[in-house]
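The sequence lines fix the lettering, A, B, ..., with proteins before strands; numbering per chain opens at 1.
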Amino acid sequence: MPELPEVEVTRLSFADRIQGAKIQNVALGKPLRWPLGCNTEQLRGLRVKCVTRRGKYLLIELSPSILILHLGMSGSLRFEGTKSPVTQKLHDHFVMQTDLGTLTLNDPRRFGAVVYADDFNSPMLHKLLGKLGVEPLTDSFSPELLYRALKGRHLSIKQALLGGQIVVGVGNIYASEALFLAKIRPTRSSSTITKVQSLRLFEAIRSVLTRAIEVGGSTLQNFSNAMGESGYFQLESYVYARAGEPCKTCNTKIKQVVQAQRSTFYCPMCQS
DNA sequence: AAAAGCCCCTGGATGC
DNA sequence: TGCATCCAGGGGCTTT
């Protein structure tokens with residue numbers, strides 16, 4: 001489910017309200033992708049310093065320890081303040097009660113994870129975050145970096161974007177959307193991309209992610225932020241999930257193909 | 001080293 | 001209505 005915009009929208013929806021909170025109790029449901037990596041009692045009394053994000057990972061910094069959260073395909077968080085009653089739902093698998101409210105990870109498919117790390121040198125943290133590419137919305141991302149990285153790869157441009165080793169956070173929806181905006185066919189070999197095209201792609205990635213964050217992310221099945229609010233980006237989609245429908249630019253029917261076991265959508269006229 | 005495939009899991013949509 | 005099949009936003013791990 002969640003790509004960078006959804007993770008960031010989630011973060012923004014509860015980061016301020018949980019900051020400074022003291023953990024009172026943690027309860028686990030069914031196993032997630034990995035074990036928590038510590039006893040829940042160990043978390044009791046720790047304080048939330050801040051909530052940050054790296055790619056699609058959320059980092060709840062407890063200073064010096066860290067809870068690394070991933071929403072997988074179907075995960076969502078909700079934060080319920082102390083004034084509202086704490087609800088209990090099917091597929092709640094991590095429930096963290098604090099003096100400022102309760103943070104719950106709900107994840108039907110359980111591809112998500114909550115993992116404890118002692119600090120930023122933790123092997124587990126390094127394993128998960130160590131090989132990630134640059135953050136697309138920071139100054140570390142540039143057209144030159146994108147161009148050079150794409151040149152050196154031998155796979156399709158869409159898979160190069162999805163891989164996360166060049167740039168993080170671009171998932172299946174936004175890869176298709178960014179490539180449409182950049183007028184690049186997703187099946188094109190990464191290494192054949194020109195400088196002009198990588199500049200367009202750089203700008204497309206930034207604008208599509210920024211716009212998606214502005215409108216609250218994409219709600220395709222049941223994504224909502226930690227306040228329970230839906231996103232609306234899917235209403236603006238140019239190609240994603242629009243197979244057979246007319247291109248919004250040229251009216252040509254949008255095509256759907258499969259790349260690396262995932263659906264890709266593009267306009268055969270606009271994108272080359 | 002890099003690329004390609006294989007899974008983990010549940011639920012909703014579709015088709016018979 | 002009931003049941004089978006297919007598909008879904010991710011990404012680590014294993015195999016080529």
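At whole-Å resolution of the value, NZ in Lys151(A) and C1' in dA2(B) are 18 Å apart. The distance from atom CG of Leu209(A) to atom C1' of dG9(C) is 13 Å, rounded to the nearest whole Å. Taking atom CH2 of Trp34(A) as the reference point, atom C1' of dG12(C) lies 6 Å away to the nearest angstrom. We find that NZ of Lys158(A) is positioned 13 Å from P of dG11(C), with the value rounded to whole Å. Leu128(A) has its CG atom 10 Å from the C1' atom of dG11(C), to the nearest Å. Here dA4(B) presents its P atom at 13 Å from CG of Leu162(A), a figure rounded to the nearest Å. Atom C1' of nucleotide dG11(C) and atom CG of Leu132(A) are separated by 10 Å, given to the nearest angstrom. For Leu32(A) and dT10(B), the CG to P distance is 12 Å, given to the nearest whole Å.
Taking 3.5 Å as the limit, the base of dA3(B) and the side chain of Arg153(A) contain no donor-acceptor pair of atoms between them. Residue Arg109(A) places a side-chain atom within donor-acceptor reach of the base of dC9(B), judged by atom type and a 3.5 Å distance cut-off alone.
Taking a cutoff of 4.0 Å between a charged side-chain nitrogen and a carboxylate oxygen, Glu135(A) and Arg54(A) qualify as a salt bridge. Salt-bridge check for Glu203(A) with Arg200(A): failed, with every basic side-chain N at 4.0 Å or more from each acidic carboxylate O.
Contact between the side-chain N/O atoms of Lys56(A) and the OP1/OP2 oxygens of dG11(C) is found at a separation under 4.0 Å. Contact annotation: Lys30(A) does not reach the phosphate of dC9(B) (side-chain N/O to OP1 or OP2, under 4.0 Å). OP1 or OP2 of dT10(B) has not a single side-chain nitrogen or oxygen of His91(A) nearer than 4.0 Å. A sub-4.0 Å separation between OP1 or OP2 of dG9(C) and a side-chain N or O of Ser74(A) is absent.
Among the atoms of the strands shown, only primed sugar atoms or phosphate atoms (P, OP1, OP2) are found under 4.0 Å from some heavy atom of Gln159(A). Within the nucleic acid shown, Leu220(A) comes within 4.0 Å of at least one base atom, counting heavy atoms only. No contact: Phe233(A) has no heavy atom under 4.0 Å from any strand. Residue-level contact check: Tyr240(A) touches the backbone only, with heavy atoms under 4.0 Å from sugar-phosphate atoms and none from bases.
The Ser263(A) side chain lies nearest to dA8(C) when the options are dA8(C), dG11(C), dG9(C). Side chain of Asn172(A), nearest nucleotide from dG9(C), dC6(B), dC9(B): dG9(C). Set against dG11(C), dG12(C), dG9(C), the side chain of His70(A) has dG11(C) as its closest nucleotide. In this structure, of dC9(B), dC6(B), dG12(C), it is dC6(B) that holds the atom nearest to the side chain of Gln261(A). The side chain of Leu155(A) has dA4(B) as its nearest neighbour among dA4(B), dG12(C), dG11(B).
In this structure, Arg242(A) CZ and Glu177(A) CD are separated by 9.0 Å, a value rounded to the nearest 0.5 Å. Going from atom CD1 of Ile184(A) over to atom CG of Leu150(A) covers 8.0 Å, rounded to the nearest 0.5 Å. Atom CZ of residue Arg33(A) and atom CZ of residue Arg110(A) lie 13.0 Å apart, to the nearest 0.5 angstrom.
Map Leu90(A) and Arg33(A) each onto its nearest nucleotide of DNA chain B; the residue landing nearer the 5' end is Arg33(A).
In this pair, Phe111(A) lays its aromatic ring flat on the base of dC8(B), centres within 5.5 Å and planes under 30 degrees apart.
One C1' atom belongs to dG12(B), the other to dG11(C), and the distance between them is 23 Å to the nearest Å.
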ask   = Are Leu100(A) and Arg17(A) close enough, and set up right, to give a side-chain contact (heavy atoms from CB on, under 4.5 Å), and what steps lead you there?
value = CA-CA 7 Å; Leu100(A) 296 182; Arg17(A) 290 185 298 148; over 6 Å; no

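A side-chain N or O of Glu80(A) and one of Thr87(A) form a donor-acceptor pair less than 3.5 Å apart.
Pair assignment for dC9(B): none, as no Watson-Crick or G-U wobble contacts are both less than 3.5 Å. Remark: dC3(C) base-pairs with dG15(B). Criterion, Watson-Crick or G-U wobble with two distances under 3.5 Å.
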